[in-house]
2 protein chains.
Amino acid sequence: MAVLKLEPLDRPEGMTTHEYAHRRLRQAIMVGSIRPGESLTIRGIAEAMESSPTPVREALRRLSSEGALKVLDNRRIMVPRMTAERFGELIALRATLEQHAARRAVGHITEKQIDRLVAIDKAQDEAIAQNDNATALLLNQEFHRTLYTANPDQIVMPMVESVWLQLGPFLGIAMAHVAQLYFVDRHQEAIAALRKRDEEAVASAINADICEGIGGFERAAIENLLRLAGQ
Amino acid sequence: MAVLKLEPLDRPEGMTTHEYAHRRLRQAIMVGSIRPGESLTIRGIAEAMESSPTPVREALRRLSSEGALKVLDNRRIMVPRMTAERFGELIALRATLEQHAARRAVGHITEKQIDRLVAIDKAQDEAIAQNDNATALLLNQEFHRTLYTANPDQIVMPMVESVWLQLGPFLGIAMAHVAQLYFVDRHQEAIAALRKRDEEAVASAINADICEGIGGFERAAIENLLRLAGQ
DNA sequence: ATTTTCAAAATGTGATCACAAAAATCAATA
DNA sequence: TATTGATTTTTGTGATCACATTTTGAAAAT
């Protein structure tokens, strides 16, 4: 049996087992610590987190509905393989979705929430300065999430998170084969546009943030990376 | 126990029980035959489709990940209530997502696939002429799905379907309180633009198709409908 | 008539078991 | 050595059971 090592995770009281399993697996996929092509077994995961197949199966179903996992014809479950084409689609969709989410937030966001964005961005810069990639990644997600969820009726956030999840495995590959991930962002540009309630400028900043960040990989670089990772 | 009546559904051989349960519930929600606010019980559904709680729970988890169901704090599960604000967000997101999907399909679609779109549109017109709302709705979905999936690496279709699912309950309400759903579409405009491989014109046609179709409800009309339905 | 109390029923959750299909292992054969 | 074939193990699936929590409904009290 494939021995799966999973980072333990804080489990708040009252959280159900399947929810906990979902969180832990999601986290592992998001940061790219499960190799694409590696097959996950229900019993293996259940044993790794000291529970039983039932709640693990529920977690796997949710993750496959979220696009994080793929169910094969054999009913085996694995992290989807990445291709240059799929990567391109993911980046393009991410740009579309997050521009939409940002536009729809501009009319709702308060000055206090914008101040919060400033604080998150500052914390991210500090994490980058200390070469703490994992924390920087998490804070970058928190920046975007905080912006988009300023709209209380927003529907798009789960879809944005789904794209992040699907990009996770590639991040894992990139981190393993690139000496240093260089972070560039357009957060301050977005913040300035938000202060002015300039919807167009906000969308533009978010688009640039995505396209010049993770989306900035050249196609040749991507194919090279994937080849190196044996995909 | 709330007695749930579910349309039986064709079950292909080899389809697992949880997949079948997922399909049947999804279908019921999509056409608006489950009233928002009505609480679904695992055992009730299991009994209604002559199976057991385990696979039903998996189906419910998937549907909640797809946005079709909402898990309350009591762990009760229900179809989310609709509000005018949520409806507005859903329509705006639908327009954004489907314009994106359409643009991304233009470069891949073949003449044969465009011919297929023509056939589907014709069948839909016939269904409308015969006042067969259910069939017309299904064919409309098939039109859009066929267009978007012309792109083989496409990622967005599950998200489009998620929005359709979330709009389903409102459709059910509208059908119950409006004498006749008037169908307007921009399919022929989209087809003409596809033949010319005019990405901008395709996106424009899809946008109009959505905004003038289900998205055409005035806010006052929506609030009135929701009030009538006791939401 | 309304509210409170308390027992009974219903419900979500997760562990366990049995079964069939798939994968892996190993011996026999070419 | 490589390949086939049979046996064993592993795995996904779904039904069932026990437990804790919630909901329900009726009786009692205000």
Side-chain angles (χ1 to χ4, degrees), chain A residues 1-6 8-9 11-26 29 34-35 37-66 68-80, chain B residues 1-6 8-9 11-26 29 34-35 37-66 68-80:
Chain A
M1 172 193 300
V3 176
L4 181 66
K5 63 177 201 306
L6 280 174
L9 211 67
R11 179 171 181 176
E13 187 180 359
M15 172 181 271
T16 58
T17 306
H18 67 85
E19 197 178 342
Y20 178 64
H22 177 257
R23 277 257 191 104
R24 239 167 107 168
L25 287 168
R26 180 192 163 85
I29 295 168
I34 300 184
R35 208 179 41 219
E38 182 174 346
S39 82
L40 298 174
T41 68
I42 295 172
R43 282 176 171 89
I45 296 168
E47 193 174 331
M49 52 180 68
E50 297 175 343
S51 66
S52 71
T54 313
V56 170
R57 252 173 35 217
E58 294 174 39
L60 293 179
R61 299 275 174 244
R62 286 190 55 185
L63 288 165
S64 71
S65 278
E66 290 163 19
L69 296 175
K70 201 182 151 201
V71 179
L72 276 58
D73 294 333
N74 351 347
R75 295 178 178 173
R76 273 291 149 81
I77 293 175
M78 64 171 223
V79 175
Chain B
M1 173 191 300
V3 176
L4 182 66
K5 61 178 203 304
L6 280 174
L9 213 65
R11 178 170 180 175
E13 188 180 359
M15 172 181 270
T16 57
T17 307
H18 66 84
E19 197 177 343
Y20 178 65
H22 178 256
R23 278 257 190 106
R24 240 168 108 169
L25 287 168
R26 179 191 164 87
I29 296 168
I34 300 183
R35 208 179 43 219
E38 184 175 345
S39 82
L40 299 174
T41 68
I42 296 172
R43 283 177 171 89
I45 296 168
E47 193 173 331
M49 50 179 68
E50 296 175 345
S51 65
S52 72
T54 313
V56 170
R57 251 174 35 216
E58 295 174 38
L60 293 179
R61 300 275 174 245
R62 287 191 53 186
L63 287 166
S64 71
S65 279
E66 291 162 20
L69 295 175
K70 201 181 151 200
V71 180
L72 276 57
D73 295 332
N74 353 346
R75 295 179 178 170
R76 268 301 147 76
I77 293 176
M78 63 169 223
V79 176

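- In this structure the side chain of B:Val71 never reaches within 4.5 angstrom of the side chain of B:Leu60, judged on heavy atoms.
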Just the table, please: protein N/O against nucleotides 18-25 of chain C N/O, every pair under 3.5 Å.
unit_1 : atom_1 : unit_2  : atom_2 : d
C:dA23 : OP1    : A:Asn74 : ND2    : 3.3

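- Tested against B:Glu58, the residues A:His18, A:Arg62, A:Arg61 include a single side chain to side chain donor-acceptor pair (under 3.5 Å) partner, A:Arg61.
- Minimum atom distance to the side chain of A:Thr17 is reached by C:dG14, of the listed C:dA15, D:dA15, C:dG14.
- Taking atom CD1 on B:Ile77 and atom C1' on C:dT13, their separation rounds to 11 Å, with Å as the unit.
- For A:Arg57 against C:dG14, a side-chain-to-base donor-acceptor contact under 3.5 Å is absent.
- At C:dT13, none of the side-chain N or O atoms of A:Thr16 fall inside 4.0 Å of OP1 or OP2 (strictly under the cut-off).
- Going from atom CG of B:Leu40 over to atom C1' of C:dA10 covers 15 Å, rounded to whole Å.
- Between A:Val79 and A:Leu69, the closest side-chain pair of non-hydrogen atoms falls below 4.5 Å.
- Listed pair A:Ser52 / C:dT16 fails the phosphate criterion, with no side-chain N or O lying under 4.0 Å from OP1 or OP2.
- One donor-acceptor pair, N or O on each side, does fall under 3.5 Å between the base of D:dT16 and the side chain of B:Thr54.
- Here D:dT10 presents its P atom at 17 Å from CD1 of A:Ile45, a figure rounded to the nearest Å.
- As a whole-Å value, the separation of A:Leu60 CG from D:dG12 P is 8 Å.
- A:Arg61 has a side-chain polar atom (N or O) that falls below the 4.0 Å cut-off from OP1 or OP2 of D:dT13.
- Taking atom CZ on A:Arg11 and atom C1' on C:dG14, their separation rounds to 11 Å, with Å as the unit.
- Counting heavy atoms from C-beta on, the side chains of A:His22 and A:Leu63 come closer than 4.5 Å.
- One can place CD of B:Glu19 at 9 Å from P of D:dG14, the figure rounded to the nearest angstrom.
- In this structure, the CE atom of A:Met15 is 16 Å from the C1' atom of C:dG14, given to the nearest Å.
- As rounded to whole Å, 14 Å separates atom C1' of D:dA15 from atom NE2 of B:His18.
- Considering every non-hydrogen atom in both A:Ser65 and B:Glu66, the closest pair reads OG-OE2, 3.3 Å.
- At least one side-chain heavy atom of B:Ser51 sits under 4.5 Å from a side-chain heavy atom of B:Val56.
- Taking both residues in full, the closest heavy atoms of A:Ser39 and A:Met78 are given as CA-CB, 4.3 Å, listed atom of the first, atom of the second, then distance.
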